[in-house]
Amino acid sequence: MLDYFQILCVAAVVLLAVYYYLSSMNNYWKKLGIAGPPPSLFLGNLKSSTLGQLSMSDSTRKMYNEYKQEPVFGIFAGTTPVLMVNDLDLVKDVLIGDFSLFASRGVPIFRKIESLTQHLFLLEPEIWRPLRARLSPVFTSGKLKEMFPLVIECGEHLEKYLDSVTKKGELVDCREIAAKFTTDVIGTCAFGIDMNALADEDSEFRRMGREMFTPSWQQVVRDLMRQFLPNVYQRVGHLVQPKKVTEFFTNVVTDTMKYREKHNVVRSDFINMLLELKRNPSQLENIELTDSLLTSQAFVFFLAGFETSSSTIGHALYELALNTDIQNKLRKEIRQTLEENAGEGKVLTYDQVRQMKYLDAVFRETLRKYPILPILMRQVSTDYTFKGTKITIPKDTRIWIPVYGIHHDPDIYVKPEVFDPERFIDNGISTRHPMAFLAFGDGPRNCIGARFAFYQSKVGLISILRNHKVEVCEKTTIPYKSDTRAFLLSLKGGVVLKMSKVE
């Protein structure tokens, strides 16, 4: 057995190792002349969000507020150094001006155990560039106009569904209703499949989407292992994967593609574009078009398409229930636009949605106050000196842009906690820095489906508010509290509101 002296020696060595480790972390940014908060042991500066005490949005906003007078500041995500870029001119350089040096998101991909992560959002630049170029035509305004009648049809189904729901007089989770609507839209527009999420309470597509974003112990373990034990995750990560979800989406995409090839089915949608790539692999030189690579693109389009838009619709309804004057003004615009264009037919058109300026302002203000992603991530490919500064960072430094902090900065948006769509009426937009609104990112690696999300969300809001109103109730979470378990910004307890018919 070890004697007391040996035990003391071992303890001393451990303490010295911990001291050296903490000292080296604390000195990392100091040596580069960059300010930043002192990190915690192993958890770095994300202790509160890792332990579920604060949401990622609130955690990064807190640090931003403390260091926003600095052009940049340094933190640690676990044991990984990360540079937060505050200055909007420097943000523009990262996202646009020097994009070629910041094209990577700096997020590791574990292909063997997470087969569906090989998508546009995460892929390394050498694969992302040609793939994005080939998939971008699906999201042009022309293609969106072709798909628009399908979106409208889903909106009509939503209105009928709401009629039946409001007759029961029950409180509703508007976030869940929006998710059913967007699931149906993505299903018909991207896959050519009637997902039936509104009519079928037990829709398999909706269940799979819910499973991907509902916090669970498996998700927590995956996130912690990815961040702190990547080598271990490489070996045992397969044990904590959502296998049902992976198998379901893989089968849906591959079966749909096989059916279309066999029966010569052609549709102007996302699956058709993937089929074209599969038939003409020479369009992507030096890239192996595996089934998992193709399926990953459809998978992320489904997840991003239903999650981002349903979250935004839910947050918009939450604010409109709190601000009835804004809700009434928006409903007036919706009805007035439809009445003025009644001669063109009763069905809502693409151009009518585009005419609704106040709706657009409500939508953008919702994304300003509740951005989907709290941060934008990049990684520099070379040693880099920020323009107009003496700040130089080494190659492979990870970059975070604090979107949630920027969107809630009172020096950029007066009274940021107030929901005010007037910020996005023409004069309000022109007076702000172009990087002050980053709901969909910016530059070449911005959200490829932003235009689709705009119109899908707006049709959802029109379909709900044209003939229905939302009000707060005893189960509405007031004031707003973020779900601390979720990486994406979401209201704790859901967006529970009272909904009723308006004549």
Below 6.0 angstrom between ring centroids: does that apply to [X] and [Y]?
X	Y	result
Trp128	Phe99	yes
Phe249	Phe302	yes
His408	Tyr413	no
Phe452	Phe301	yes

Could you tell me whether the side chain of [Y] reaches within less than 4.5 Å of the side chain of [X], counting heavy atoms only?
X	Y	result
Thr312	Ile372	yes
His407	Lys369	no
Asn323	Asp325	yes
Phe270	Cys189	no
Asp420	Lys415	no
Leu489	Pro374	no
Lys492	Thr484	no
Leu277	Leu135	yes

Mark yes or no for whether [X], through its side chain, and [Y], through its backbone, hold a donor-acceptor pair below 3.5 Å.
X	Y	result
Arg368	Ala436	no
Arg445	Ala103	yes
Thr397	Ile393	no
Gln234	Pro230	no
Tyr318	Thr477	yes
Asp87	Leu90	yes
Arg222	Val240	yes
Arg134	Pro130	no
Asp58	Ser482	no
Gln327	Val470	yes

Original post:
Partners of Asp360 by side-chain contact (heavy atoms from CB on, under 4.5 Å), sequence neighbours excluded?
Top reply: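 Partners of Asp360 by the side-chain contact (heavy atoms from CB on, under 4.5 Å) criterion, ordered by chain and then number, come out as Arg364, Phe454, Lys458.
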Subject >> Step-by-step side chain to side chain donor-acceptor pair (under 3.5 Å) determination, Thr250 to Thr295 >> reply: CA-CA 6 Å; Thr250 299; Thr295 302; 5.2 Å; no
Are a donor atom and an acceptor atom from the side chains of [X] and [Y] found within less than 3.5 Å of each other?
X	Y	value
Asp89	His433	yes
Thr392	Thr385	yes
Ser55	Ser57	no
Glu114	Tyr233	yes
Ser457	Ser309	yes
Tyr480	Glu417	no

Subject >> Stepwise side chain to side chain contact (heavy atoms under 4.5 Å, CB included) test for Leu46 and Met56 >> reply: CA-CA 8 Å; Leu46 300 179; Met56 190 66 171; 4.0 Å; yes
Quick one: list whatever passes salt bridge (Lys or Arg N to Asp or Glu O under 4.0 Å) with [X], sequence neighbours left out.
X	answer
Arg129	none
Glu422	Lys329
Arg111	Glu124

**OP:** Assess whether ring-ring contact (aromatic ring centres under 6.0 Å, His included) is satisfied between Phe424 and Phe363, documenting all intermediate values.
**Re:** CA-CA 9 Å; Phe424 291 93; Phe363 178 71; 10.0 Å; no
If you measure from [atom1] on [X] to [atom2] on [Y], what distance do you get to the nearest 0.5 Å?
X	Y	atom1	atom2	answer
Glu176	Phe181	CD	CZ	14.5 Å
Leu131	Gln297	CG	CD	4.5 Å
Lys387	Lys92	NZ	NZ	10.0 Å
Ser490	Tyr370	OG	OH	12.0 Å

**OP:** Check the pair Tyr384 / Phe102 against ring-ring contact (aromatic ring centres under 6.0 Å, His included), numbers first and verdict last.
**Re:** CA-CA 10 Å; Tyr384 180 82; Phe102 295 92; 4.9 Å; yes
Which atoms form the tightest heavy-atom contact between [X] and [Y], and what is the distance?
X	Y	value
Glu365	Val418	OE2-O, 3.3 Å
Val85	Val91	O-CG2, 3.6 Å
Ser292	Leu116	O-CD2, 4.5 Å
Asp383	Lys395	OD1-N, 2.8 Å
Ser296	Ser115	OG-O, 3.0 Å
Met84	Pro402	CE-CB, 3.9 Å

**OP:** Start with the C-alpha distance between Arg175 and Asp173, add both sets of side-chain angles, then the distance that settles salt bridge (Lys or Arg N to Asp or Glu O under 4.0 Å), and finish with yes or no.
**Re:** CA-CA 5 Å; Arg175 170 69 176 76; Asp173 184 345; over 6 Å; no
Subject >> Cation-pi geometry met for Arg451 and Phe440 (6.0 Å, 45°) >> reply: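 No, cation not above the ring by the 6.0 Å, 45° rule.
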**OP:** I would like to know whether Asp442 and Ile96 meet side chain to side chain contact (heavy atoms under 4.5 Å, CB included); could you show each step before the answer?
**Re:** CA-CA 7 Å; Asp442 211 322; Ile96 303 173; 3.7 Å; yes
Original post:
Restricting to pairs with a member in residues 472-482, which pass salt bridge (charged side-chain N to carboxylate O under 4.0 Å, His left out), not counting sequence neighbours?
Top reply: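 Of all non-adjacent pairs touching residues 472-482, none passes salt bridge (charged side-chain N to carboxylate O under 4.0 Å, His left out).
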Subject >> Pairs touching residues 68-81 that satisfy salt bridge (charged side-chain N to carboxylate O under 4.0 Å, His left out), sequence neighbours left out >> reply: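 Qualifying pairs: Lys68-Asp409, Lys68-Asp411.
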**OP:** Given side chain to side chain contact (heavy atoms under 4.5 Å, CB included), test Ile464 with Ile313 step by step and report yes or no.
**Re:** CA-CA 10 Å; Ile464 294 169; Ile313 292 171; 4.1 Å; yes
Original post:
Passes side chain to side chain contact (heavy atoms under 4.5 Å, CB included), Leu373 versus Val403? Steps please.
Top reply: CA-CA 7 Å; Leu373 291 174; Val403 175; 5.9 Å; no
